[in-house]
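Report on the structure given below.
These numbers come from a predicted model, not from an experiment.
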Amino acid sequence: GNQAVLALYASGRTDGIVLDAGHSVTQSVPIHQGYALPHAVQKLHLAGRELTKHLREMLVNSGFAFNSIPGREIVRNIKEMVAYVA
């Protein structure tokens, strides 16, 4: 709620929908006149962790070896540096 409202304020708006994609959950938070509408928040258990997993699978299928724990960290770093979601 409050984080989403502040994010919307930062864009100069008081009405809108904030899409917050975290590590394990993505949620949409509708905001009207500066107030989050908690009854209308939608959560989806598809987020950064799944994107990292999918990127790693694509890289492994292309012949890159990212199966170890350090390899997974490298893939996460790649995702965070070059991936863009809009």
For the pair E50 (side chain) and A47 (backbone), establish whether a donor and an acceptor sit closer than 3.5 Å, ignoring hydrogens and angles.
-> yes
H32 versus L37, closest heavy-atom pair with distance | CB-CD1, 4.2 Å
Between the main-chain N or O of Q33 and the side-chain N or O of D15, is there a donor-acceptor pair closer than 3.5 Å?
-> yes
CD1 of I74 to CZ of R56: how many Å apart, nearest 0.5 Å?
-> 12.5 Å
What heavy-atom pair brings V60 and F66 nearest, and what distance separates the two atoms?
-> CG2-N, 4.0 Å
Heavy atoms only: give me the nearest A36-V5 pair and the separation to one decimal.
-> N-CG2, 3.8 Å
Please check if atom CD in E57 has more than 12 non-hydrogen atoms from other residues, nucleotides or ligands closer than 6.0 Å.
-> yes
Side chains of T52 and K79 in contact at under 4.5 Å (non-hydrogen atoms) = yes
Backbone N or O of L46 within a donor-acceptor pair of the T26 side chain at under 3.5 Å?
-> yes
Give a yes or no on whether I78 and F64 share a hydrophobic cluster (residues Ile, Leu, Val, Met, Phe, Trp, Tyr; joining criterion: side-chain heavy atoms under 4.5 Å apart).
-> yes
Contact check, side chains of V18 and I31, non-hydrogen atoms, under 4.5 Å = yes
Are L59 and L51 grouped together when hydrophobic residues (ILVMFWY) are joined by side-chain heavy atoms under 4.5 angstrom apart?
-> no
Do the side-chain N and O atoms of N67 and R72 include a donor-acceptor pair separated by under 3.5 angstrom?
-> no
Is E73 salt-bridged to R76, going by a charged N under 4.0 Å from an acidic O?
-> yes
Evaluate the criterion side-chain contact (heavy atoms from CB on, under 4.5 Å) for residue pair Q27 and L44; output intermediate values, then yes/no.
-> CA-CA 6 Å; Q27 62 181 3; L44 176 66; over 6 Å; no
Here the gap from Q42 atom CD to S28 atom OG, rounded to the nearest 0.5 Å, amounts to 5.5 Å
Closest non-hydrogen contact found for T14 with Y9 is CG2-CE2, 3.6 Å
Check whether any side-chain heavy atom of D20 lies under 4.5 Å from a side-chain heavy atom of Q3, and answer yes or no.
-> no
Would a hydrophobic clustering, with Ile, Leu, Val, Met, Phe, Trp and Tyr connected at side-chain separations under 4.5 Å, put I17 with L6?
-> no
